[in-house]
Amino acid sequence: MKTRTLLAILATSCLWFHEESPTARDDGPSDPLKVVVHVNVPDSGVQGAGLKNVTNILKEAPDTQVEVVCHGAGIGLVEKARTDHAEAVEALVKKGVKFVACENTMRLKSIKKEDLLPGVVTVPSGAVEVVHKQQKDGYAYFKP
């Protein structure tokens, strides 16, 4: 009798844990996900992997609001003359992804707004934008 009771308790607790587990997904209606992607590395392969991550996020959760913030050495991702990913950026812009370039970096590297890919907007500080998106706007942080 004790064995049956113990097994019943164990089975019930496993079901409870699974349903209440923080890793269990609830695919019911909810607010769209919000993600800020931080790009500050010059490596084209890493940048491309980050864009692929964004594409995969949008496949899994199409309503996700994504902002890609480029600053420092990562500004090349959105520069017409330096990027290896112009087509991927353009395709993501068409899907509603916001690409942002840091004006501080642009000033330091003598980059003009017309040097950026179409659809890229600017903000005074890329670093502040990343922090603001997380703290004020509730965006999750992602770095490729």
Side-chain angles (χ1 to χ4, degrees), residues 5-144:
T5 305
L6 182 57
L7 288 174
I9 292 170
L10 182 59
T12 303
S13 65
C14 287
L15 288 173
W16 173 82
F17 177 76
H18 175 73
E19 290 176 8
E20 299 299 321
S21 170
T23 59
R25 287 184 23 183
D26 175 10
D27 288 335
S30 63
D31 292 335
L33 297 174
K34 298 186 291 186
V35 180
V36 60
V37 180
H38 184 196
V39 179
N40 67 344
V41 295
D43 185 277
S44 179
V46 173
Q47 293 173 352
L51 296 176
K52 183 66 173 166
N53 292 145
V54 171
T55 299
N56 289 338
I57 288 169
L58 293 173
K59 281 182 187 175
E60 177 70 23
D63 294 335
T64 303
Q65 296 172 18
V66 181
E67 181 170 317
V68 179
V69 179
C70 302
H71 72 104
I75 196 89
L77 174 63
V78 293
E79 276 186 90
K80 289 177 190 173
R82 292 183 50 214
T83 189
D84 294 330
H85 305 290
E87 290 178 12
V89 170
E90 180 183 352
L92 289 169
V93 166
K94 287 180 181 176
K95 290 183 176 184
V97 175
K98 184 176 179 183
F99 282 83
V100 174
C102 171
E103 292 172 5
N104 286 335
T105 300
M106 292 171 64
R107 196 169 28 263
L108 286 171
K109 295 181 178 272
S110 300
I111 300 167
K112 300 175 186 139
K113 288 184 181 183
E114 55 267 17
D115 297 333
L116 301 175
L117 294 171
V120 176
V121 298
T122 64
V123 293
S125 169
V128 170
E129 181 72 2
V130 170
V131 172
H132 182 90
K133 286 292 174 193
Q134 292 176 83
Q135 288 189 349
K136 301 285 186 185
D137 297 336
Y139 278 58
Y141 176 85
F142 186 84
K143 183 164 176 68

Exercise for review: Working to the nearest 0.5 Å, report the span between CD of Glu90 and CG of Leu92.
Suggested key: 10.5 Å

Review point. Do you know which two heavy atoms are closest between Cys102 and Ile75, and how far apart they sit?
Key: N-CD1, 3.8 Å

Check your understanding: CG of Leu33 to CD of Glu60: how many Å apart, nearest 0.5 Å?
Key -> 9.5 Å

Practice item. Please assess Val89 against Leu51 for the test side-chain contact (heavy atoms from CB on, under 4.5 Å), listing each intermediate value before the final yes or no. Key: CA-CA 8 Å; Val89 170; Leu51 296 176; 4.1 Å; yes

Practice item. Report yes if the side chains of Thr105 and Lys109 come closer than 4.5 Å at any heavy-atom pair, otherwise no. Key: yes

Review point. Are any non-hydrogen side-chain atoms of Thr122 and Lys113 less than 4.5 angstrom apart?
Key: yes

Review point. So, for Gln47 and Val39, which heavy atoms are closest and what is the spacing to 0.1 Å?
Key: CG-CG1, 4.1 Å

Exercise for review: Evaluate the side-chain contact (heavy atoms from CB on, under 4.5 Å) criterion for residues Val36 and Gln134: first the C-alpha distance (whole Å), next the side-chain angles of each, then the deciding distance (0.1 Å), finally the verdict.
Suggested key: CA-CA 8 Å; Val36 60; Gln134 292 176 83; 4.1 Å; yes

Exercise for review: Nearest 0.5 Å please: distance from the CG atom of Leu117 over to the CG atom of Leu77.
Suggested key: 7.5 Å

Exercise for review: Please step through side-chain contact (heavy atoms from CB on, under 4.5 Å) for the pair Val121 and Lys98, ending with a clear verdict.
Suggested key: CA-CA 8 Å; Val121 298; Lys98 184 176 179 183; 3.7 Å; yes

Revision key, fill the gap. Interatomic distance, CG@Asp63 vs CG@Leu58, rounded to 0.5 Å, equals 9.5 Å

Study note, to complete from the structure: Those residues at least two apart in sequence (or on a different chain) that pass side-chain contact (heavy atoms from CB on, under 4.5 Å) with Lys59 are Lys52, Thr55, Asn56

Check your understanding: side-chain contact (heavy atoms from CB on, under 4.5 Å) between Lys95 and Val66: does it pass, once the steps are laid out?
Key -> CA-CA 10 Å; Lys95 290 183 176 184; Val66 181; over 6 Å; no

Exercise for review: State, to 0.1 Å, how close Pro118 and Val93 come at their nearest heavy-atom pair, and which atoms those are.
Suggested key: O-CG2, 4.5 Å

Exercise for review: For the pair Thr64 (side chain) and Ala61 (backbone), establish whether a donor and an acceptor sit closer than 3.5 Å, ignoring hydrogens and angles.
Suggested key: yes

Study note, to complete from the structure: Between the CG atom in Asn104 and the NE2 atom in His71, the distance rounded to the nearest 0.5 Å is 10.0 Å

Show every donor-acceptor pair shorter than 3.5 Å between a side-chain atom in residues 136-144 and any protein atom, with sequence neighbours excluded, or say none if there are none.
from, atom 1, to, atom 2, distance (Å)
Asp137, OD2, Lys133, NZ, 3.3
Tyr139, OH, Gln65, OE1, 3.4
Tyr141, OH, His38, ND1, 2.6
Lys143, NZ, Asn40, OD1, 2.3

**Study point:** Point-to-point distance, once rounded to the nearest 0.5 Å, from CE of Met106 to CG of Asp115
**Key:** 7.0 Å

